[in-house]
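Notes to accompany the following structure.
Since this is a predicted model, take the numbers as computed values, not measurements.
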Amino acid sequence: TPFYAEGGGQVGDTGTIATESGTAEVVDTVSPFPGVIAHRARLHGSLHPGQEAIASIHRDRRESIRRNHTATHLLNAALREILGDHVRQQGSYVAPDRLRFDFSHHAAIANEERQAILEMVNLDVISDEPVETTETSKVDAERMGAVAFFGDKYGDTVRVVRAGQHSLEFCGGTHVKALGAIGTLQVVSESSIGANTRRIEAVTGL
């Protein structure tokens, strides 16, 4: 299936699965357990085993999700660079219309820090460096210095995403092919959501 199942903070794909006798309007894609992808759908007509089917994701929605997901990687790298190595991701949400990034930090971000973070992210964006993905062993990925996302479980083989000069992370999600596709990143809000935990909400593209 070309549909990405919700995982690592990234929402699942939507779209259609069509045969000659009916269409499944996919409203969400999930992975109930490893190796299985489930498509939640509204059925129009009927689908039958053995039929040829055309599976189509909603392309514009996926592209918006890609922009926001790659931007979370750049944001993570910038937070660690500007605020310090103590910053650890505590959760994320990547949707078509926005991104949310939760991280450990002991104080509100000062205006000059926010400006430095935005400048670092958007300089990465306009560099238009390619986004490269590789599969390697977990040990080799850690040796490369890849950052692991909070809460994700990893097997012996992992996927590593390099997004420009500053970001190298474990990730199984979908990403832009080059950083320029993000357009720009703008922070909408930054707040406390608990003891020593902050949340940034941001937008990209249009």
Decide whether [X] and [Y] are clustered together by the hydrophobic rule: side chain heavy atoms of Ile, Leu, Val, Met, Phe, Trp, Tyr closer than 4.5 Å, transitively.
{"X": "Val161", "Y": "Ile182", "result": "yes"}
{"X": "Leu118", "Y": "Ile82", "result": "yes"}
{"X": "Val87", "Y": "Val187", "result": "yes"}
{"X": "Val131", "Y": "Phe101", "result": "yes"}
{"X": "Met144", "Y": "Phe170", "result": "yes"}

Where do [X] and [Y] come nearest, in terms of heavy atoms and distance?
{"X": "Thr136", "Y": "Asp140", "result": "OG1-CB, 3.4 Å"}
{"X": "Ala53", "Y": "Ile17", "result": "CB-CG2, 4.0 Å"}
{"X": "Asn68", "Y": "Ala95", "result": "ND2-O, 2.7 Å"}
{"X": "Leu74", "Y": "Ala163", "result": "CD2-O, 3.6 Å"}
{"X": "Pro2", "Y": "Asp13", "result": "O-OD2, 3.8 Å"}
{"X": "Val160", "Y": "Ala141", "result": "CG2-CB, 3.6 Å"}

About how many Å separate [atom2] of [Y] and [atom1] of [X], when rounded to the nearest 0.5 Å?
{"X": "Leu79", "Y": "Ile117", "atom1": "CG", "atom2": "CD1", "value": "4.5 Å"}
{"X": "Gln90", "Y": "His105", "atom1": "CD", "atom2": "NE2", "value": "13.0 Å"}
{"X": "Met120", "Y": "His166", "atom1": "CE", "atom2": "NE2", "value": "4.0 Å"}
{"X": "Arg59", "Y": "Arg62", "atom1": "CZ", "atom2": "CZ", "value": "9.0 Å"}
{"X": "Asn122", "Y": "Thr204", "atom1": "CG", "atom2": "OG1", "value": "10.5 Å"}
{"X": "Ile200", "Y": "Ile193", "atom1": "CD1", "atom2": "CD1", "value": "11.0 Å"}

request  = Could you pull out all residues at least two apart from Arg42 that satisfy salt bridge (charged side-chain N to carboxylate O under 4.0 Å, His left out)?
outcome  =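 Arg42 satisfies salt bridge (charged side-chain N to carboxylate O under 4.0 Å, His left out) with Glu25 only.
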
ask   = How far apart are the C-alpha atoms of Leu185 and Leu99, what are their side-chain angles, what is the distance that settles it, and do they pass the side chain to side chain contact (heavy atoms under 4.5 Å, CB included) test?
value = CA-CA 10 Å; Leu185 176 114; Leu99 65 93; 4.0 Å; yes

Only counting residues at least two apart or in another chain, list the ones meeting ring pair (Phe, Tyr, Trp, His ring centres under 6.0 Å) with [X].
{"X": "Phe103", "result": "none"}
{"X": "His39", "result": "Phe3"}
{"X": "His106", "result": "His86"}

Is it the case that [X] and [Y] place a side-chain donor and acceptor less than 3.5 Å from each other?
{"X": "Arg67", "Y": "Ser64", "result": "yes"}
{"X": "Ser127", "Y": "Gln165", "result": "no"}
{"X": "Thr70", "Y": "His175", "result": "yes"}
{"X": "Asn196", "Y": "Ser104", "result": "no"}

Any donor-acceptor pair under 3.5 Å from [X] side chain to [Y] backbone:
{"X": "Thr14", "Y": "Val26", "result": "no"}
{"X": "Arg159", "Y": "Gly173", "result": "yes"}
{"X": "Ser167", "Y": "Ala77", "result": "no"}
{"X": "Gln10", "Y": "Thr174", "result": "yes"}

inquiry  = If you count every heavy atom of other residues, nucleotides or ligands that lies below 6.0 Å from Glu81 atom CD, does the total exceed 12?
reply    =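 Result for CD/Glu81: open.
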
task = Carefully, step by step, assess His48 and Thr19 under the rule side chain to side chain contact (heavy atoms under 4.5 Å, CB included).
result = CA-CA 9 Å; His48 306 285; Thr19 72; over 6 Å; no

key: Side-chain cluster (under 4.5 Å, hydrophobic types only) that Leu47 belongs to, other residues   =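 Answer for Leu47: Leu43.
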
request  = Report the hydrophobic cluster partners of Val11, with the cluster defined as I, L, V, M, F, W, Y residues connected by side-chain heavy atoms closer than 4.5 angstrom, directly or transitively.
outcome  =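 Traced through the cluster, Val11 reaches Ile65, Tyr93, Val94.
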
inquiry  = Within the structure provided, determine whether His58 and Pro96 are in side-chain contact (heavy-atom separation under 4.5 Å).
reply    =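 In short, these two side chains do not touch, never coming nearer than 4.5 Å.
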
inquiry  = Set out, in order, the CA-CA distance, both residues' side-chain angles and the distance that settles side chain to side chain contact (heavy atoms under 4.5 Å, CB included) for Thr184 and Val125, then state yes or no.
reply    = CA-CA 7 Å; Thr184 185; Val125 170; 5.8 Å; no

